[in-house]
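In what follows, a single structure is set out as structure tokens and then discussed.
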There are 2 protein chains.
Amino acid sequence: MENEVKNPGFKTLQKIQSEVKSSNTIALSVDCVIFGFDENKLKVLLIRSDLKKYQGKWSLLGDLMRSEEDLDDAAYRILKQRTGLNDVYLEQVHTFGKINRHPAGRVITVTYCSLINIRHHKLNILDNELHWHDIDNLADLAFDHQEIFDTCYTRLQKRVQEHPLGFNLLPKKFSLRDLQNLYEAILGFKMDRRNFRKKFFTMDFLIDLKEIEQNVPHRPGKLYEFNYSKYEKRKKKWAGIDF
Amino acid sequence: MENEVKNPGFKTLQKIQSEVKSSNTIALSVDCVIFGFDENKLKVLLIRSDLKKYQGKWSLLGDLMRSEEDLDDAAYRILKQRTGLNDVYLEQVHTFGKINRHPAGRVITVTYCSLINIRHHKLNILDNELHWHDIDNLADLAFDHQEIFDTCYTRLQKRVQEHPLGFNLLPKKFSLRDLQNLYEAILGFKMDRRNFRKKFFTMDFLIDLKEIEQNVPHRPGKLYEFNYSKYEKRKKKWAGIDF
DNA sequence: TAATAATGTGTGTATTTTACACATTAAACG
DNA sequence: CGTTTAATGTGTAAAATACACACATTATTA
């Protein structure tokens, strides 16, 4: 199989089938939904399905787990194998386990998601198998990957409203317009510019750099930096996941 | 094994070990964290561990999954087998997969949780193996079950603040004091009585029954009923899980 | 130098949250 | 039978937050 040669770490359909059907057990996989932000658009990283039956379809980044690794470690390994990404925080979202969800046999998949700045991370792209898709323009995905995507996207939108994430997603220096574009892309609706600014100023996580944008075709905006130390202190008050 | 005889559906330690270690695969289990409310206290349903090594310790309700059932179905089956409960809504919470989390071998567990009124459900108690424990008084649990419990408890507290659940937990007719006791037991802190009432009245899910409590050693409170139809209509606005 | 298209700032209103005080009712008790 | 007790039931004001909206400012560009 061509994939086998190029990506020796990956399991092919045959491998999955033999592994799954030989015993009466259940195979476990991990799928990663990597959201990316670039040019004011929210995207998701997909890979061309290596299963013949799903030729031409796109899939999430996934592979079978190994029995000698922690579940979370498996997620990071698989992401790294598939994309070269290794400095990305992954959050577990949900486990999908319908009987016939995978054509190769009984495979239950634990899904993780993340959100990164596309330009900050170098992908290890093999033969254009990897591609950033606009999230509002997803062609049909393989298996139940649309459902998985939807679940992760909903989770992402919720997280964004609870935590002021989204700072690693912008360049170090950013304008408030940049920040608002980010939030609007993720949440999918427009917000009032004035109230948006007020909200973030009162949160007090922004450092005014006393600089302005360069080379914009209009009045340049002020540039800000994220105040990580203040955020870290405040964070403890928000119980739970820190994305 | 005595458990084998009494509960033929359950897997014993030996079974798990043989199943897990024979192949190089990973076994999958489901654990259920069933919260119960009774006498104004929040409790959790535990079972005596059937593993010798963990003798005397208490465990969550769990068992191995079967390969011919949906993941969600497995959760309901296992809950039913262990407790007799079959009309309980289960919500998936998290999947735990550290390598050494289970003494019998490589077992990854998908956890579900629920919240029920203890008096509304009849448990199928075998030899006192099942027991409702006060949540603030948990002795040491087997394996990583304390961590699992903590995760589910945090999730429950979050859900309670987002959705007006907790109505199936009270008798059909209840006083506002009953309702507040429920919320305080789950959230773990006291609330202002007047503001609590205001909050629920403006939510508009309560039907004033024009009745009062009987046999209370003080001024009786009014009794209310939950307005399910209004709740159902409103519910659509709250995306997601309905517990 | 005027038109354009952004940014930057402020104000008022409505809504929600929080804090807090007093009258009312039934039971318990002398 | 009246008084005490310990709850319930109700209202009001301040504070914080969300929402709607208007105008001056600054580079660009035409």
Side-chain angles (χ1 to χ4, degrees), chain A residues 39-40 157-158 160-164 166 170-171 173-227 234 237-239, chain B residues 39-40 157-158 160-164 170-171 173-227 234 237-238:
Chain A
E39 291 173 342
N40 293 335
Q157 291 187 319
K158 212 173 164 192
V160 151
Q161 311 221 37
E162 292 173 341
H163 303 272
L170 295 171
K173 302 173 176 186
F174 54 87
S175 71
L176 275 171
R177 163 58 48 197
D178 294 332
L179 189 59
Q180 186 168 348
N181 284 338
L182 170 64
Y183 273 77
E184 289 180 348
I186 295 173
L187 293 176
F189 59 85
K190 299 287 183 189
M191 290 175 261
D192 183 273
R193 192 168 51 88
R194 294 156 290 190
N195 292 332
F196 181 86
R197 300 166 77 85
K198 214 181 304 173
K199 177 106 180 174
F200 272 87
F201 285 141
T202 58
M203 275 204 236
D204 216 24
F205 292 141
L206 298 177
I207 301 170
D208 185 345
L209 292 175
K210 309 286 184 194
E211 293 177 61
I212 56 170
E213 294 176 293
Q214 302 296 326
N215 304 323
V216 285
H218 53 70
R219 173 179 177 181
K222 285 189 189 178
L223 290 177
Y224 295 88
E225 202 178 60
F226 182 48
N227 191 335
R234 191 83 51 98
K237 292 189 191 169
W238 299 317
Chain B
E39 291 175 342
N40 292 337
Q157 291 186 319
K158 212 173 165 191
V160 151
Q161 312 222 33
E162 292 172 343
H163 303 271
L170 295 172
K173 302 174 177 187
F174 54 86
S175 70
L176 275 171
R177 163 60 46 200
D178 294 332
L179 188 58
Q180 184 167 350
N181 284 338
L182 171 62
Y183 273 78
E184 289 181 343
I186 295 173
L187 293 176
F189 58 86
K190 299 288 181 188
M191 289 175 265
D192 183 274
R193 191 170 51 89
R194 293 157 288 187
N195 293 333
F196 182 87
R197 298 166 77 86
K198 214 182 306 173
K199 178 107 181 174
F200 271 88
F201 284 141
T202 59
M203 276 204 237
D204 217 23
F205 292 141
L206 298 178
I207 301 170
D208 185 344
L209 292 175
K210 310 286 184 194
E211 296 178 57
I212 57 170
E213 295 175 294
Q214 302 297 328
N215 304 322
V216 286
H218 53 71
R219 175 180 175 180
K222 285 189 189 177
L223 290 177
Y224 296 88
E225 202 178 61
F226 182 47
N227 191 335
R234 190 83 53 98
K237 292 190 188 169
W238 300 318

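A note on names: the letters A, B, ... follow the listed sequences, proteins ahead of strands, and every chain is numbered from 1.
- Atom CG of B/Asn215 and atom P of C/dA27 are 9 Å apart (whole Å).
- Between A/Leu176 atom CG and C/dG8 atom C1' the separation is 10 Å, expressed in whole Å.
- What separates CZ of B/Phe201 from P of D/dG11 is a distance of 11 Å, to the nearest Å.
- A heavy-atom distance below 4.5 Å is not found between the side chains of B/Tyr224 and B/Ile207.
- Closest approach of A/Gln157 and A/Leu187 over heavy atoms only: NE2-O, 3.4 Å.
- The closest side-chain heavy-atom distance from B/Asp208 to B/Lys222 is below 4.5 Å.
- Centroid-to-centroid, the aromatic rings of A/Tyr183 and A/Phe189 stay 6.0 Å apart or farther.
- A/Met191 places its CE atom 18 Å from the C1' atom of C/dT7, with the value rounded to the nearest Å.
- One atom, CZ of B/Phe196, and another, C1' of D/dG9, lie 15 Å apart when rounded to the nearest Å.
- A distance-only check finds no donor-acceptor pair linking the side chain of A/Asn195 to the backbone of A/Asp192 [under 3.5 Å].
- The distance between atom NE2 of A/His218 and atom C1' of C/dA6, rounded to the nearest whole Å, is 6 Å.
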Scoring nucleotides 13-24 of chain D by protein non-hydrogen atoms under 4.0 Å (B base, S sugar-phosphate only, - none) yields -----SBBBB--

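- For A/Ile212 and B/Val216, each mapped to the nucleotide of DNA chain C holding its nearest heavy atom, the one lying further toward the 5' end belongs to A/Ile212.
- Between B/Leu176 and B/Phe196 the shortest heavy-atom distance is O-CE2, 4.0 Å.
- At whole-Å resolution of the value, NZ in B/Lys190 and P in C/dA19 are 17 Å apart.
- Look at B/Arg177 and you'll find a side-chain N or O under 4.0 angstrom from OP1 or OP2 of D/dT8.
- Atoms CZ (B/Arg197) and P (D/dT12) sit 16 Å apart, rounded to a whole Å.
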